[in-house]
There are 2 protein chains.
Amino acid sequence: MIKTSHISERTIGRLSLYRRLLHQLQADEKVNVFSHEIAQLSGVTAAQVRRDLMAIGYSGSSVHGYDVYQLNDSISRFLDAPQIQNVALVGVGNLGQAVLTYLSGRRPKLSIVAAFDKNPVKVNRVINGCRCYPMNEFAAQVQQQKIEVGIIAVPGSEAQAVCDTMVASGIRGIVNFAPATLKTPTGVHVEVLDMAVSLEKAAYFARIG
Amino acid sequence: MIKTSHISERTIGRLSLYRRLLHQLQADEKVNVFSHEIAQLSGVTAAQVRRDLMAIGYSGSSVHGYDVYQLNDSISRFLDAPQIQNVALVGVGNLGQAVLTYLSGRRPKLSIVAAFDKNPVKVNRVINGCRCYPMNEFAAQVQQQKIEVGIIAVPGSEAQAVCDTMVASGIRGIVNFAPATLKTPTGVHVEVLDMAVSLEKAAYFARIG
DNA sequence: TTATAACTGTGAAAAAAATAACAGCGTTAC
DNA sequence: GTAACGCTGTTATTTTTTTCACAGTTATAA
């Protein structure tokens, strides 16, 4: 039995950042990169980068640092599922549409395959390249399209209900844009993207430093 | 000399959450609340709540817990500036518009007073209740309207340039939606809201747990 | 009045995360 | 060939954050 070396949430986030950076470096035709370069570009320390990379078990060379292509590949093998993971978006307002625009085609291994909205005008239309279904078809679509991840982009008052539907449908990874703290059973992971809180924090630190 | 008891970024974020919750409780006409209730509703431990509240120096009673109104007020005095803090938004695409809709009128002490876009079609129009200016007026508007906080909602490739303009104009608190790691001088606070990273994290933990 | 109960505020302990420190190792320079 | 260099991988240390544990407090009830 393989020892499930636990990797922290923080590290996963940084690995995602490093990968984005490597993608850029590849575009710039850079072949090798040192931990301190990655560090500089992603705003962390070199030691942290090396420590994070320990987690995925890719080794660089002491002379040339890391091979950009191989490191990118290693991180991808670590972060991505072997097959594509399908994603559902609930809430196709401005924010939902921004999410669709923004995330579509960005990651080859993550695909938003269905959107849901309660507005009848939107239902059964294709918006930003994504078919919009009524909410009552959620569970069916999740099952049919093997959806594993949900994005909540509805008003705060509706977020918990949407979340409950997601969890009941078997979704275990959720990105929540709504201004609400979601109650979920253990085993379900919620990523919080709370504009209101972030703005308040930024405003606070703009004053206090 | 007053000892500047440093309060962690994490704590600031939670205080913002608690306040939102208290606002809800007030609407429900709840008068008193215990630390374990706040904890339950915001998904943290009771000890954490009490410790966070230590930071703002508001004391509850051992019998009735905290007075909802007074605690709300205390957190607000702590988080908010005495006067309104003005905010500028750069990038009025789907996301920018969602941000405008979403944040306008939500916090009395934070007001988005100007939007900026390079698209001439949008410039000099009022979008979602906010006047849109061309980017070259940024510094002037910041000065004129005493803007302290900036929100970046442009594509990743333009984010650093926008950020530099903000910093040069004296802004010290930034909310960044763009998929880019911003370089800023010390003293400038950047709040990261990165959809791509969040989605990847959610997808990872949906698989791994 | 005195005992009971349930909470807060906070020091102490534990856990988690970040940083520092350094041994070891290919390259290069001489 | 070998000394010196500058990097990685990893252990040790420090710092930060969270949790625990409990003394102290205030209402209530007998």
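Each chain gets a letter, A, B and so on, in the order its sequence line appears, and its residues count up from 1.
- Distance, A:Arg51 CZ to C:dA17 P: 11 Å, rounded to whole Å.
- Within the 4.0 angstrom heavy-atom criterion, only backbone atoms of the sugar-phosphate kind lie near B:Ser35; the bases stay farther away.
- C:dA12 atom P lies 12 Å from atom CE of B:Met54, rounded to whole Å.
- Put simply, the side chain of B:Arg14 reaches to within 4.5 Å of the side chain of B:Thr11, judged on heavy atoms.
- When side chains are defined from C-beta on, B:Val87 does not count as touching B:Val175, because their heavy atoms never get closer than 4.5 Å.
- If you take CD of A:Gln48 and P of D:dT10, they are 16 Å apart, rounded to a whole angstrom.
- Considering only side-chain atoms of B:Arg50, the nucleotide from D:dC7, D:dG9, D:dC22 that sits closest is D:dC22.
- OP1 or OP2 of D:dT19 sits under 4.0 Å from a side-chain N or O of B:Thr45.
- Per the geometry, NE2 belonging to A:His36 stands 16 Å off P belonging to C:dA20, to the nearest Å.
- Rounded to whole Å, atom C1' of C:dA6 lies 8 Å from atom CZ of B:Phe34.
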(request) For side chain to side chain contact (heavy atoms under 4.5 Å, CB included), just list the numbers for B:Asp80 and B:Arg107, CA-CA rounded to whole Å, side-chain angles, deciding distance to a tenth of an Å, and then say yes or no. (result) CA-CA 10 Å; B:Asp80 294 340; B:Arg107 276 278 112 216; 4.0 Å; yes
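- Picking from D:dT25, C:dG26, C:dG9 the nucleotide with the shortest atom distance to the side chain of A:Ser62 gives C:dG26.
- Listed nucleotides: C:dA6, C:dA18, C:dT27. Nearest to the side chain of A:Val63: C:dT27.
- If you measure from atom CG of B:Leu71 to atom C1' of C:dC7, you get 15 Å, rounded to the nearest angstrom.
- Whole-Å rounding puts the B:Asn32 CG to C:dC7 C1' distance at 12 Å.
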(request) Please assess A:Asp52 against A:Gln48 for the test side chain to side chain donor-acceptor pair (under 3.5 Å), listing each intermediate value before the final yes or no. (result) CA-CA 6 Å; A:Asp52 287 338; A:Gln48 178 108 108; 4.7 Å; no
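- Each of A:Val44 and A:His64 has a nearest nucleotide on DNA chain C; the 5'-most of these lies closest to A:Val44.
- Along DNA chain D, the nucleotide closest to A:Ala47 and the one closest to A:Arg10 are compared, and the more 5′ of them pairs with A:Ala47.
- Heavy atoms only, all atoms of each residue included: B:Phe116 and B:Cys132 are closest at C-SG, 4.2 Å.
- Nucleotide D:dT10 holds its P atom 14 Å from the OH atom of A:Tyr58, rounded to whole Å.
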